[in-house]
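Remarks on the structure that follows.
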Amino acid sequence: MGHVSVVTRPHFDFDNTYVREMEGLFEHWQAAQAPAPRLLALNAHLAGELGLDVEALRSEDGVAVLVGNVVPEGASPVAQAYAGHQFGGFSPRLGDGRALLLGELVDVHGNRRDLHLKGSGRTPFARGGDGKAAVGPMLREHILGEAMHALGIPTTRALAVVATGELIHREGILPGAVLARVAASHLRVGTFQYAADRDPQLLRRLADYAIARHVPSAAGADNPYLAFFEHVVEAQASLIAQWMLVGFIHGVMNTDNMTISGETIDYGPCSFMDAYDPATVFSSIDHAGRYAFGNQPHIAQWNLARLGETLLFLIADEPEAAIGPATDVLHSFPERFLAHWQAGMRAKLGLADAQDDDVALIDDLLALMHAQRVDHTSAFRSLSSALRGEAGPARALFTDPAPFDMWLQRWLDRVTDGAVDVEAVAAEMDLVNPIYIPRNHLVEEALAAATDGDLGPFDALMGVLSEPFHERAGVERYAAPATAAFAGGYQTFCGT
Ligand code: AMP
Ligand code: MG
C-alpha cells in the first residue's frame, strides 16, 4: 500500500525574449549553490498573479529554484549587461555582478514580467564584489517594495527571500540570502548607455525591443524613438512625483538604478522621510546631497538627459536634427513632474478643483512643516481629522501651533467652500495619505530580528504595511514616528 503523493514540483512557463533578441547585452551564467536554503518570505499574492503554485514554491524543489540551486525547465539564466553614472561618474561596464535574470513570465493579466535572482553569486560583471547579499538588505527590499506597491506606486517586487545558509563578510559576518525579484523588465537607463557606448546596431535593437515591450504605441508614431523617449520621461515624472508625495527617498538614483518601465528599483539606502526636510539624505556616502529628497526631480531629469543622448542618432540621421526635439521632450520633465505633484498634493489636501492660490497653500504648509521639523506622514494624515473637527492631533505635531492655526483656518475655508460633504472629502484624503509607512526604526527592528532568526517582527510589519491607508486598532506603534534620537542618527548604508 502506497500513499498518494501530491506533485509539488513548481512549474514555470518561461518565455525568454530578452535572451532571444538581446544578444550582446548579457552573459549566460549560473547561480552559485546555496548550502542550506531556507525560505524566509514568500509573496503568495504575487505568486498567484504570476500563475505560480504557492505550495509548490514553498516545497523543497520550489525553494531550490528560488535560491538558484536548480534551474527550472524553460529558464535561461543570464547576467544582464549595463553601464551607469554612479554619483555622476560614468562606469562603462557595471552589469549584474550578483544577479541573474532567470526568464520572463506572462502573468494572469497578460503582462510580461522578469523573474530575477539577486545575491546569487559572482558573475562576469562582479568586479571586486563577492556576488552575495545579506538577509537584512534582501528583506529590506521585500518590505519596501511591498510597501510601495500597497501605496499604489510602480515598483519591482519581491517574490521570495531565501536564506542561503552561508555566512558572508560585510562590516561583520552576516547570514546570506537570495532575493527573487519580479519586474516589468530590468531595462535601465544604464542598459541604453552600455549599448550606445559600444554598437549603434545593438542600441537600435535595444530601443526596438524596449518599444515592443513597454511602449508598443510608440512603434506607430511619426518618430518612434522620440515617442519612446517622451513616454519614459512621462513615466519617470509620474513616478518621482509619487515618491515625493509619500516622502520617499531613493538614495542611489544612479542611471543604472532608473528603469525604462517607470518602476522603482533597487532599494538600497532608501527610506521614508520622518521630519519634513528637502535636504534629507539617507545614503551614508552621499556627502554632496546629490540624491537628497528635494533633489530627486532634478536628478531624474539629469538621468533622463543621459538616456536622451543615447537616442539622438535614432531620432534623426544627423544628431543636430535630433537635439532640438529631444531637448524639448527633456525640458518637458519639470512641467510634467509639477502637474503630477500638484494634482497629488491637491488630493492629499482634499482640494477637488484647481485654484490659483493652491500653490501658496501647499508651499506654506510645507514651509511650516520644514521650519518645525514635523513628521511628513503624520502631518498629512492628521488633516482629515482636522477636517472632521478634531484639530488636536494635527496641532500637536507643531511645537509652535500659532502659525499652523492660521494655515489650518485658510485651508478649512478653502476645503469647505461651497456645498461639500466634509466626511466624504475626509474619507478620500485618508485614501491618499497613508497612516502606515515603512518607518526606519520599524524596518531596522524587523531586519535585526530576522538576521537573528526571528521573523515575527518582519511578518507583523508586512501585515501592517499591506494596508497603508486603513487605520486599525492595536497597531498604533506602527503609525508613530521614531524618537528624535533614532531619527537624528539614522543612515542606511550602500554596501549592500
Ligand atoms: P547597486 O548599488 O546594488 O545598484 O549595484 C551597483 C553595481 O555593483 C551593480 O553592477 C551590481 O551588480 C554591483 N554589485 C553590488 N554589490 C555587489 C556584490 N556584492 N558583488 C558583485 N557585484 C556587486
Ligand atoms: Mg543597482
Side-chain angles (χ1 to χ4, degrees), residues 25-27 29-32 34 68 77-102 114 116-142 144-145 155-158 161 164 166-179 181-195 197 249-261 263-271 282-286 290-291 299-300 303 306 491-496:
L25 285 177
F26 61 81
E27 303 274 355
W29 204 253
Q30 280 192 14
V78 295
Q80 292 179 294
Y82 50 85
H85 277 89
Q86 300 182 305
F87 291 91
F90 185 63
S91 293
R93 186 182 150 96
L94 290 169
D96 289 335
R98 55 165 171 174
L100 294 173
L101 171 65
L102 272 190
D114 278 1
H116 166 110
L117 301 180
K118 182 168 176 178
S120 52
R122 300 189 80 241
T123 76
F125 301 102
R127 295 167 290 155
D130 64 358
K132 302 294 165 73
V135 163
M138 296 305 99
L139 286 177
R140 163 190 287 278
E141 232 191 276
H142 194 130
L144 280 140
T155 178
T156 66
R157 297 179 66 187
V161 178
T164 58
E166 190 173 60
L167 292 175
I168 66 169
H169 299 267
R170 289 293 181 264
E171 266 150 55
I173 293 179
L174 294 170
V178 170
L179 168 77
R181 178 166 81 184
V182 173
S185 86
H186 284 81
L187 301 180
R188 310 145 191 263
V189 171
T191 318
F192 281 77
Q193 292 180 292
Y194 182 94
D197 202 40
I249 307 173
H250 184 283
V252 205
M253 287 177 70
N254 294 330
T255 57
D256 52 304
N257 289 339
M258 182 181 259
T259 61
I260 297 304
S261 67
E263 286 183 342
T264 312
I265 194 169
D266 274 5
Y267 296 91
C270 60
S271 237
F282 276 113
S283 169
S284 57
I285 62 171
D286 187 7
R290 180 179 173 88
Y291 300 141
I299 283 294
N303 289 348
R306 306 289 80 75
Q491 270 189 331
T492 50
F493 290 87
C494 229
T496 54

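Each ligand, and each atom within it, is numbered from 1 in the order the structure gives.
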Just so I know, are the side chains of [X] and [Y] near enough to count as touching, which here means a heavy-atom distance under 4.5 Å?
| X | Y | answer |
| --- | --- | --- |
| Asp266 | Arg188 | yes |
| Tyr291 | Phe87 | yes |
| Asn303 | His85 | no |
| Val78 | Gln30 | no |

Heavy-atom proximity to [atom], best of [options]:
| atom | options | result |
| --- | --- | --- |
| atom 1 (P) of ligand 1 | Asp266, Asp96, Asp130 | Asp266 |
| atom 11 (C) of ligand 1 | Gly129, Gly95, Gly119, Ala83 | Gly95 |
| atom 14 (N) of ligand 1 | Gln86, Arg93, Arg98 | Arg98 |
| atom 18 (C) of ligand 1 | Gly97, Pro269, Gly131 | Gly131 |

query: Backbone or side chain, does Asp266 get an N/O/S atom under 2.8 Å to the Mg ion (ligand 2)?
result: yes
task: Could you tell me whether the Mg ion (ligand 2) has an N, O or S atom of Asn257 under 2.8 Å away?
output: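 Yes, since at least one N, O or S atom of Asn257 sits under 2.8 Å from the Mg ion (ligand 2).
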- request: Could you tell me whether some N/O pair between Lys118 and ligand 1 is separated by less than 3.5 angstrom?
  value: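 For ligand 1, there is no N or O atom that lies under 3.5 Å from one belonging to Lys118.
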- request: Over 60° means perpendicular and under 30° means parallel, so classify the ring planes of His116 and His186, tilted if in between.
  value: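 His186 and His116: parallel rings.
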message: Which of the numbered atoms in ligand 1 are under 4.0 angstrom from any heavy atom belonging to Lys132?
response: 19 (N)
- prompt: For ligand 1, which atoms sit closer than 4.0 Å to a heavy atom of Asn257?
  reply: 4 (O)
Proximity of [X] to ligand 1 by residue part, where a heavy atom lies under 4.0 Å:
| X | result |
| --- | --- |
| Arg127 | side chain |
| Arg170 | side chain |
| Phe125 | neither |

query: When you check the gap from the basic side-chain N to the acidic O, do Arg157 and Glu263 get nearer than 4.0 Å?
result: no
task: Determine yes or no for a side-chain-to-main-chain donor-acceptor pair under 3.5 angstrom, with Arg122 supplying the side chain and Arg127 the backbone.
output: yes
message: Tell me whether Asp96 contacts the main-chain N or O of Phe125 through its side chain, where contact means a donor paired with an acceptor under 3.5 Å.
response: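 Looks like no, no N/O pair under 3.5 Å.
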